[in-house]
**Student:** 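Before anything else, here's the structure in question.
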Amino acid sequence: MQARIYRLYTNLNKLYGAQKWWPAKSPFEVMVGAILTQNTAWSNVEKAITAMRKQSVLSPAKILALKHDELAALIRPSGYFNQKAKRLQIYSDWFLSQGGLRGLSKIETTRLRTALLGLHGIGPETADDILLYALDRPVFVIDAYTRRLFSRCNLIRGDEPYEELRLLVERSLKNQTQAMNEFHALIVLHAKEHCQKNPVCNGCPLTRSCQFYKNSRKGE
DNA sequence: ACCCAGGGTCATA
DNA sequence: TATGACCATGGG
């Protein structure tokens, strides 16, 4: 099973090449993006990030200095703006209290993950986005695309707990941070650029018609 | 007009 | 522990 997951990774890598995620200019911007993209199309998140950059508020101190309503108005295009404004301020406050990137770099990964999950508004996927793409820790991100793709490739049932899938993939990738970084990026790319746009593929990995899907199934 | 997107929290049983 | 309601915009 782990070998098949690893092969899925190498197949995607051959198909698309290195992605060099996350699309952001700084680790803190990755963190902001991770919160804003919760159940939201990335195109909408970009509008919010752009608005924040235009106002020069892409830093924890600036985010905390804003009133709730001001921040909510800025990030309006990303949806759930009231929730997310609150989450961004709670996160920024915590980030500063930990001594910023310096401080976080001194905390062991498992402890850090637990701390992140303790924050209001930070669930497993958001925490793992932050750990992997902002802090370069060997943690894999499980999202809806991953579940669907793995399920359609008969690698999993689909209803496994988040934690079980995360550990499975991490083992499959031999705990290599760079591979985890690329694999998740490739899965998202495949879903967006191939499955959602390619008329031949017609919604893969939600259908059986995709060439890629056939190559990744049991029995080849 | 309808569907859903790179989730998470909270109330209820 | 397991569902369901709720949050909200913008693009297809």
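Worth knowing before you read on, the calculation uses all heavy atoms, side chains too, and leaves out hydrogens, waters and symmetry mates. Order of the sequence lines sets the chain letters (A, B, ...), proteins ahead of strands, with each chain counted from 1.
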**Student:** Rounded to whole angstroms, how far apart are CD1 on I75(A) and P on dA8(C)?
**Tutor:**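 Taking CD1 of I75(A) and P of dA8(C), I get 9 Å after rounding.
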**Student:** I need the residues from residues 23-37 of chain A with at least one non-hydrogen atom less than 4.0 Å from DNA chain C; give them sorted by number, or say none.
**Tutor:**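 The answer is none.
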**Student:** Take atom NZ of K86(A) and atom C1' of dG8(B), then tell me their distance rounded to the nearest Å.
**Tutor:**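 Rounding to the nearest Å, NZ of K86(A) and C1' of dG8(B) are 12 Å apart.
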**Student:** Below 4.0 angstrom, which residues in residues 121-131 of chain A have at least one non-hydrogen atom near DNA chain B?
**Tutor:**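 Contacts with DNA chain B under 4.0 Å: G121(A), I122(A), G123(A), P124(A), E125(A), T126(A).
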**Student:** May I have the distance from R87(A) (atom CZ) to dA8(C) (atom C1'), rounded to whole angstrom?
**Tutor:**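 Interatomic distance, CZ of R87(A) to C1' of dA8(C): 12 Å.
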**Student:** Judged by modelled atom types alone, do Y16(A) and N11(A) share a side-chain donor-acceptor pair under 3.5 Å?
**Tutor:**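 Per modelled atom types, Y16(A) and N11(A) side chains form no pair under 3.5 Å.
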**Student:** Could you walk me through whether E70(A) and K67(A) satisfy the salt bridge (Lys or Arg N to Asp or Glu O under 4.0 Å) test, starting with their C-alpha distance in whole Å, then the side-chain angles of each, then the deciding distance to 0.1 Å, before giving a yes or no?
**Tutor:** CA-CA 5 Å; E70(A) 296 173 333; K67(A) 290 178 183 173; 5.0 Å; no
**Student:** Have K84(A) and T40(A) got a donor and an acceptor in their side chains that come within less than 3.5 Å?
**Tutor:**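 Note: K84(A) and T40(A) side chains meet the donor-acceptor criterion.
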**Student:** Enumerate the protein-to-nucleotides 9-11 of chain C contacts in which both atoms are nitrogen or oxygen and the separation is below 3.5 Å.
**Tutor:**
residue: dT9(C); atom: O2; partner: N44(A); partner atom: ND2; Å: 3.0
residue: dG10(C); atom: O4'; partner: N44(A); partner atom: OD1; Å: 3.1
residue: dG10(C); atom: O4'; partner: N44(A); partner atom: ND2; Å: 3.0
residue: dG11(C); atom: OP1; partner: K47(A); partner atom: NZ; Å: 3.0

**Student:** Between L135(A) and L117(A), is there a shared hydrophobic cluster once you connect ILVMFWY residues whose side-chain heavy atoms come closer than 4.5 Å?
**Tutor:**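 Looking at the clustering, L117(A) is in a separate group from L135(A).
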**Student:** Regarding T146(A) and D143(A), do their side chains bring together a donor and an acceptor under 3.5 Å, going by distance alone?
**Tutor:**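 Indeed, the side chains of T146(A) and D143(A) share at least one donor-acceptor pair under 3.5 Å.
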**Student:** Is there a donor-acceptor contact under 3.5 Å from the side chain of Q38(A) to the main chain of G121(A)?
**Tutor:**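 A pair under 3.5 Å: yes.
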**Student:** Hey, what do you get for OG (S92(A)) to NZ (K62(A)), rounding to the nearest 0.5 Å?
**Tutor:**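 S92(A) OG to K62(A) NZ: 12.0 Å, rounded to 0.5 Å.
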**Student:** Whole-Å distance between dC7(C) P and L88(A) CG?
**Tutor:**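 Spelled out: CG on L88(A) to P on dC7(C) is 19 Å.
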**Student:** Can you check the Q83(A) CD to dC6(C) C1' distance for me, whole Å?
**Tutor:**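 It works out to 8 Å between those atoms.
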**Student:** If we count only N and O atoms by modelled type, under 3.5 Å, do the side chains of Y80(A) and N39(A) hold a donor and an acceptor together?
**Tutor:**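 Judged by distance alone, the side chains do pair up.
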**Student:** Would you kindly give the CG-to-P distance between L117(A) and dG8(B), to the nearest whole Å?
**Tutor:**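 Going from CG in L117(A) over to P in dG8(B) covers 9 Å.
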**Student:** Starting from L167(A), can I reach Y9(A) by hopping between I/L/V/M/F/W/Y residues whose side chains sit under 4.5 Å apart?
**Tutor:**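 Unlinked, Y9(A) and L167(A) end up in two clusters.
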**Student:** Would you call I5(A) and F183(A) a side-chain contact if the rule is heavy atoms closer than 4.5 Å?
**Tutor:**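 With C-beta onward as the side chain, the pair touches.
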**Student:** Applying the Watson-Crick and G-U wobble criteria at under 3.5 Å, what pairs with dA1(B)? Answer none if nothing qualifies.
**Tutor:**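 Across any shown strand, dA1(B) pairs with none.
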**Student:** Would one find a side-chain N or O of R148(A) under 4.0 angstrom from OP1 or OP2 of dC4(B)?
**Tutor:**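 R148(A) to dC4(B) OP1/OP2: no side-chain N or O under 4.0 Å.
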**Student:** Check whether any side-chain N or O of Q176(A) sits under 3.5 Å from a backbone N or O of Q178(A) as a donor-acceptor pair, and report yes or no.
**Tutor:**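 Such a contact is absent between Q176(A) side chain and Q178(A) backbone.
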**Student:** NA contact type, L119(A), heavy-atom cut-off 4.0 Å: base, sugar-phosphate, or nothing?
**Tutor:**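 Sugar-phosphate: the residue L119(A), judged by heavy atoms under 4.0 Å, touches backbone atoms but no base.
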**Student:** Among R87(A), R76(A), H68(A), which residue meets the side-chain hydrogen bond (donor to acceptor under 3.5 Å, both in side chains) test with N82(A)?
**Tutor:**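 Output: one option passes, namely H68(A).
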**Student:** Round to the nearest Å and state the distance from Y91(A) atom OH to dT9(B) atom P.
**Tutor:**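 So the OH-P distance, Y91(A) to dT9(B), works out to 14 Å.
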**Student:** How many Å lie between CD on Q38(A) and P on dC10(B), as a whole number?
**Tutor:**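 In whole Å, dC10(B) P and Q38(A) CD are 13 Å from each other.
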**Student:** Side chain of H120(A), heavy atoms from C-beta onward: which of dC10(B), dA5(B), dA8(C) has the nearest atom to it?
**Tutor:**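 Among dC10(B), dA5(B), dA8(C), the one nearest the side chain of H120(A) is dC10(B).
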